[in-house]
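Working notes, structure below.
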Amino acid sequence: MAKPSIPQGTRDFGPDVVRKRTYILQTIRAVFELYGFQPLETPAMENLDTLMGKYGEEGDKLIFKILNNGLDNPAKEGQIRADFEKVLQGKNSSGITERALKYDLTIPFARYVAMNHGQLSFPFKRYQIQPVWRADRPQKGRYREFYQCDADVVGSQALLNEVELVSIYHEVFTRLGLADYELRINSRKVLAALAEICGGADRITDITVAIDKLDKIGPDKVKEELSTRGLTGDQISIIEKYLNITGTNEEILASLSPLLGENVSGKNGIAELDKLAGAFTSPDSGHPTPGSRLFIDPTLARGLNYYTGIIFEVKAPARVKMGSIGGGGRYDDLTGLFGVPGIPGVGISFGVDRIYDVLEELQLFPADVHVGTQVLFFNLGEAESAYAFGLLGQLRQRGVRGELFHENSKFDKQFKYAEKKNIPFVVIIGEKEMAGNSCNLKNLRTGEQQTLSAAALLQYTF
RNA sequence: GUGGUUAUAGCUCAGUUGGUUAGAGCAUCAGAUUGUGGUUCUGAGGGUCGCCGGUUCGAACCCGGUUAGCCACCCCA
């Protein structure tokens, strides 16, 4: 038997890692609940045609497809060979594969809303915490199986939703100790206006793909790329002006207006950005005030082309080298893809695995995430352990997490077990203590030891 | 999907131009220590050098392939 292994880009999570991940997930879940979102889960796999074509050309390639069963059925051999020929030509492949692992949580959610819109009361606010899969090559901060935590509101056009989602981001990252995260916002309407002015609405993808790379490749390379994508010198010089816009949020908006304000879409986009950023400038509203962490970034584009309004992207603090740890945006008509038009929505996503890596690197996990067992009873022999076992049972009834060491081993070994499991207290009961109905309680963090009566132990606050 | 790089004990890593029986630290186990660990000392176990093939009298080392990790590109959380 060959050495066992797991598929590329997947991971096992040991006890310590699960505890830390749970800490992150619980923090996010608690904030979602705090804002009135309700849980939803969807299957690991979807029908392939639910997913195909929703994530752009690149996205389609990254969908994990599931092979149909029964391909080795001799009776169907001819048909299957013909189907496989189609696959080789990149055509319809339902004879070979018709299911796939889900690629994100937003499209399955849209599919769910489209299927159940008759039963849902709108606006419907749902959160979803589940793994997704991408057939990407693994590297830093990139896995083939990873968790997303999404919160979406559908059935409402109000900008108040965007405001609340910004508050959620702020609340979560503050609770996680990542107070110096950066939340960048932009509007697809502004980008659409830019495209309309520079060669037409259908150029929006060419333009956004190029300008999104600004901070990575620099302005000259961006101009180069725009040129190879067929934009004229005049158009590029408008985009150059657009890219040169910097400053505070107010300054950026003031510079955008003369450039795009004549365009209806541009005007709307600018007004929405203004309203959203302005919602957090009043210090005594009682709500989280992420004003200082909220940056309008005209170069933010985001790849998913179903976004139509405000778009979000969260960047880890600059002191760690990690890309985006969250993102989202408004989409006018996601369920329209599934035959139910007219349901607008807006949502955000947290990338738990990347957040984990960031917290690890910055050592921001609280020390007590590792505490499982609170108290360990030493095993000093048959009679002693039977006595200890009784006390342990009573403590457990009080909700104290405890264990009795499984064997009468050397102290050394029992201490090391406690240390390894990060158990803060041990109880040592020998012949003497048993006879006196007492016990020794040792705090391993401080090294202090006290002798208590059995009754006092049962009342002790661990 | 493209490119670079790495793979030696449970972990972190040495290993000379290719040369006899592949090493260290930590960890584990046993003992010094019969009821108070983390210090110290002594000893022990543990490796088909990622996998497959080739060159060679001889391969951990050179060559080809393959798998996996890491990194970058594309793209993205």
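- The aromatic rings of A:Phe312 and A:Tyr169 sit perpendicular to each other, their planes meeting at more than 60°, with 30° as the lower class boundary.
- Using Watson-Crick or G-U wobble geometry with both donor-acceptor distances under 3.5 Å, B:G3 finds its partner in B:C71.
- Among the atoms of the strands shown, base atoms are found under 4.0 Å from some heavy atom of A:Gly141.
- The P atoms of B:A60 and B:C49 are separated by 7 Å, rounded to the nearest whole Å.
- A:Val209 comes within 4.0 angstrom of sugar-phosphate atoms only, judged by non-hydrogen atoms across all strands, and of no base.
- Close placement of the A:Phe405 and A:Tyr417 rings is indicated, their centers lying within 6.0 Å of each other.
- Counting to the nearest Å, the P atom of B:C75 and the CD atom of A:Glu313 are 13 Å from each other.
- With hydrogens and angles left out, the side-chain atoms of A:Gln450 and A:Lys442 include no donor and acceptor closer than 3.5 Å.
- As rounded to whole Å, 7 Å separates atom P of B:G35 from atom CZ of A:Phe411.
- Between A:Asp353 and A:Lys140, the residue anchored nearer the 5' end of RNA chain B, judged by the nucleotide with its closest heavy atom, is A:Lys140.
- In this structure, A:Phe173 has its ring center under 6.0 Å from that of A:Phe350.
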Between the protein and nucleotides 65-69 of chain B, list every N/O to N/O distance that falls short of 3.5 Å.
from  : atom 1 : to     : atom 2 : distance (Å)
B:G69 : OP1    : A:Gly9 : N      : 2.9
B:G69 : OP2    : A:Gln8 : NE2    : 3.2

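- The nucleotide whose nearest atom lies closest to any side-chain atom of A:Gln148 is, among B:U28, B:A77, B:G35, B:A77.
- A salt bridge does not link A:Glu33 with A:Arg29: every distance from a Lys NZ or Arg NE/NH1/NH2 to an Asp or Glu carboxylate oxygen is 4.0 Å or more.
- One atom, CD of A:Glu145, and another, P of B:C76, lie 21 Å apart when rounded to the nearest Å.
- Remark: the separation of the P atoms in B:C11 and B:U28 is 15 Å, to the nearest Å.
- Following rounding to the nearest Å, A:Ile63 (CD1) and B:A77 (C1') show an atom-to-atom distance of 16 Å.
- Judged by distance alone with a 3.5 Å cut-off, a donor-acceptor contact links the side chain of A:Glu433 to the base of B:G35.
- Distance CG (A:Leu62) to C1' (B:C73): 14 Å, rounded to an integer number of Å.
- Taking the six-membered ring where the residue is Trp, the centroids of A:Phe37 and A:Tyr127 are separated by 6.0 Å or more.
- Place A:Arg144 and A:Asn440 on RNA chain B by their nearest nucleotides, and A:Asn440 ends up nearer the 5' end.
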Query - Pair A:Asp180-A:Arg293, salt bridge (Lys or Arg N to Asp or Glu O under 4.0 Å): steps then yes or no - result: CA-CA 7 Å; A:Asp180 53 341; A:Arg293 303 280 89 214; over 6 Å; no

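- Among the candidates A:Ile185, A:Asn249, A:Ile252, the single residue satisfying the side chain to side chain contact (heavy atoms under 4.5 Å, CB included) test with A:Leu273 is A:Ile185.
- Partner assigned to B:C57 is B:G19, using Watson-Crick or G-U wobble distances below 3.5 angstrom.
- The aromatic ring of A:Phe415 does not sit over the base of B:G38; the criterion of centres under 5.5 Å apart with planes under 30° is not met.
- Between B:A27 and B:U40, the distance separating the two P atoms is 9 Å to the nearest Å.
- Between A:Asp212 atom CG and B:C73 atom C1' the separation is 15 Å, expressed in whole Å.
- Using a 4.0 Å heavy-atom distance criterion, A:Ser349 is classed as making no nucleic acid contact.
- B:G50 sits 8 Å from B:A68 when the C1' atoms are compared, rounded to a whole Å.
- Each of B:U36, B:C74, B:C76 was ranked by its minimum atom distance to the side chain of A:Lys213; first place goes to B:C74.
- The salt bridge (Lys or Arg N to Asp or Glu O under 4.0 Å) analysis of residues 144-156 of chain A, with sequence neighbours excluded, yields the pairs A:Arg126-A:Asp152.
- Straight-line distance between the P atoms of B:A9 and B:U48: roughly 9 Å, to the nearest whole Å.
- Comparing the P positions of B:U21 and B:G3 gives a spacing of 40 Å, expressed to the nearest Å.
- Note on ring orientation: taking the six-membered ring where Trp is involved, the planes of A:Tyr356 and A:Phe365 are tilted (angle from 30° to 60°).
- As judged by a 4.0 angstrom heavy-atom cut-off over every strand, A:Leu444 is placed among the base-contacting residues.
- Regarding A:Leu441, its CG atom lies at a distance of 14 Å from the C1' atom of B:U36, rounded to whole Å.
- Note: A:Tyr306 and A:Tyr55 have perpendicular aromatic rings, judged against thresholds of 30 and 60 degrees for the angle between ring planes.
- Counting non-hydrogen atoms under 4.0 angstrom, A:Lys61 reaches nothing in the nucleic acid.
- A:Gln414 comes within contact range of no nucleotide atom at all, as no heavy-atom separation falls under 4.0 Å.
- The distance from atom OH of A:Tyr143 to atom C1' of B:C71 is 13 Å, rounded to the nearest whole Å.
- Remark: the separation of the C1' atoms in B:U6 and B:C13 is 13 Å, to the nearest Å.
- Among the atoms of the strands shown, base atoms are found under 4.0 Å from some heavy atom of A:Gly430.
- The aromatic rings of A:Tyr181 and A:His170 sit tilted relative to each other, their planes meeting at an angle between 30° and 60°.
- B:G53 and B:U67 are spaced 15 Å apart, taking the C1' atom of each and rounding to whole Å.
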Report summary line: In 5'-to-3' order, the base (B), backbone-only (S) or no-contact (-) status of each nucleotide in nucleotides 1-7 of chain B, using a 4.0 angstrom heavy-atom cut-off, is BBB----

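- Residue-level contact check: A:Ile325 touches the backbone only, with heavy atoms under 4.0 Å from sugar-phosphate atoms and none from bases.
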